[in-house]
Structures are given as C-alpha cells and as structure tokens.
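Step one of this worksheet: look at the structure below.
Sequence lines set the chain letters: A, B, ... in the order given, protein chains first and strands last, and positions in each chain run from 1.
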Protein chains: 2
Amino acid sequence: MSNEVRLLRFLAQDMTQAELGKRVGLTRQTIAAIEQGRYSPSLDVAFRIAHLFGKRVDEVFHWQPGGAEGNVAANSDAG
Amino acid sequence: MSNEVRLLRFLAQDMTQAELGKRVGLTRQTIAAIEQGRYSPSLDVAFRIAHLFGKRVDEVFHWQPGGAEGNVAANSDAG
DNA sequence: ACGTAATGTCAAACAAAGCTGACATAATGT
DNA sequence: ACATTATGTCAGCTTTGTTTGACATTACGT
C-alpha cells in the first residue's frame, strides 16, 4: 500500500512531518512511518489525512488487490 | 464513523457475515463489530471490503470531521 | 564552528484491531 | 421436538498501529 502523503505535504507549502502530525493528531514518527509504508494507518487516520489535503482516501492511499479476492459487484452479467 | 456494510451485504444476494468475512479475510465476529461501528477497521480492511462491493472506501464508510481540523486544500483564497 | 530545524530510526510501552472459543437467541426446515 | 443457520456478545489472547523518549544525520543560518 503506497501513498502520496509526502508529495501532498510538499505541495502544501512544504508542510513538515511534525506540522502534519499535529494537524491530524499524530506524532511525527507516525507520519514518517506512514510515508515510508512501514504500515498502513487506521481508516480514521486515512480519512483525517485525506480530508486535510482535500482529497479522497483512494486518491491519497493506493491499494491493490493482493490475491484472489474477486469482486461481487462485477458479477451481474459475468461470462 | 458509520458504514453501509450491512446494506451492501443484503444487496449482494443476502451474503452472510460469515461469507463476507471469508471473502475479505476476516472472522464473522469482526464483520459484526464493524457493521455495528464498535470500531473502525484498518485502512487495508476498508479497501478489501469496498473493493468486494465495487465501491470506493468513502462510499462504504462515512467519516465526518470530528473537531477543529481545518482543510489545507481550501485555503488558496481564504477570507 | 556553532545552534537549530527536519528527518530517519530504534526500543519500550500502550491502545486498538482482530482472532479463538464459547454460549445465547431467533428463525427456518424436517 | 430437533437440528441447522445467522447473528449477538463476551473473555482472553495475539498482532499491529501509535506514542514517548532518545540518539544520529543532513542542511541551513549565523
């Protein structure tokens, strides 16, 4: 799961990790870890970050299906 | 943080909690807890559920800013 | 050379997510 | 009456997100 947090932070007048953390209620270490993809944040944190930058969650965090999940909604006329 | 998981599950041919759990890699207890909003899932889980139903994360999970966050993107010409 | 700001990183602790196993209830089919 | 299925819920446990505190590096200003 990659993300655009670092880029968005630079675009927002070079906001620092500490500043971003303060605005969304996280520590700078947590921001750094998220930017590096060391773990994926909680949904709540993802919403707070996306909201701050005026983006949708899926615009900030890029997820790709990891295996053989399948997608129920595409099944109305399969074949 | 409310969500549409239960509704989407019914729309998907009355899929059970256990079946949904199996498809997204969670237990039925966890699905029940998420539906009831007892806690918000991880971002990864949110993506898996949304993807299964062919929706975006923000279409399935409804988040509302909880306090005095502010939004950096709306600040280009603030007054 | 010195101080300061921004970042990387680590270990220990804590909080919340998620699992396992169990028991209970309501609805269905036989 | 009995078994089965779907759901709610709880206690205890493991895993992972997050914090706190610390130390190191790089870049910038003086």
Could you check whether B/D44 and A/W63, counting side-chain N and O atoms only, form a donor-acceptor pair closer than 3.5 Å? yes

Rounding to an integer number of Å, can you tell me how far B/L26 CG sits from D/dT7 P? 15 Å

On the nucleotide C/dA17, are OP1 or OP2 found under 4.0 Å from the side-chain N or O atoms that B/S40 carries? yes

May I have the distance from A/M1 (atom CE) to D/dT16 (atom C1'), rounded to whole angstrom? 13 Å

Using a cut-off of less than 4.0 Å, is there contact between a side-chain N or O of B/T27 and OP1 or OP2 of C/dC19? yes

Atom-pair distance (CD1 on B/I49; P on C/dG18), nearest Å: 9 Å

For C/dT7, does either OP1 or OP2 sit under 4.0 Å from a side-chain N or O belonging to A/R9? yes

Can you find a pair of side-chain heavy atoms, one from A/E4 and one from A/H62, that are under 4.5 Å apart? yes

Would one find a side-chain N or O of B/Q17 under 4.0 angstrom from OP1 or OP2 of D/dG8? yes

Note: A/R9-A/E35 ion pair, threshold 4.0 Å (strictly below): yes

Spacing between B/R38 atom CZ and C/dA17 atom C1', to the nearest angstrom: 12 Å

To the nearest angstrom, how far is B/R28 atom CZ from C/dC19 atom P? 12 Å

Taking all non-hydrogen atoms of both residues into account, name the closest pair between A/L26 and A/R48 and its distance. CD2-NH2, 4.1 Å

D/dT9, OP1 or OP2 - any side-chain N/O from B/Q36 closer than 4.0 Å? yes

Looking at every strand, decide which applies to B/G25 at a 4.0 Å heavy-atom threshold: base, sugar-phosphate, or nothing. sugar-phosphate

Euclidean distance, atom CD1 of residue A/I34 to atom P of D/dT18 [Å, nearest integer]: 6 Å

Under 4.0 angstrom, heavy atoms only, what part of the nucleic acid is A/T30 near: base, sugar-phosphate, or nothing? base

By nearest-heavy-atom nucleotide on DNA chain D, the more 5' of B/R6 and B/S42 is B/R6

Does B/N3 reach the main-chain N or O of B/I34 with its side chain, forming a donor-acceptor pair under 3.5 Å? yes

d(CD, B/Q29; P, D/dT7) in whole Å: 12 Å

When the distance from CD of A/E35 to P of D/dG17 is rounded to whole Å, what number comes out? 16 Å

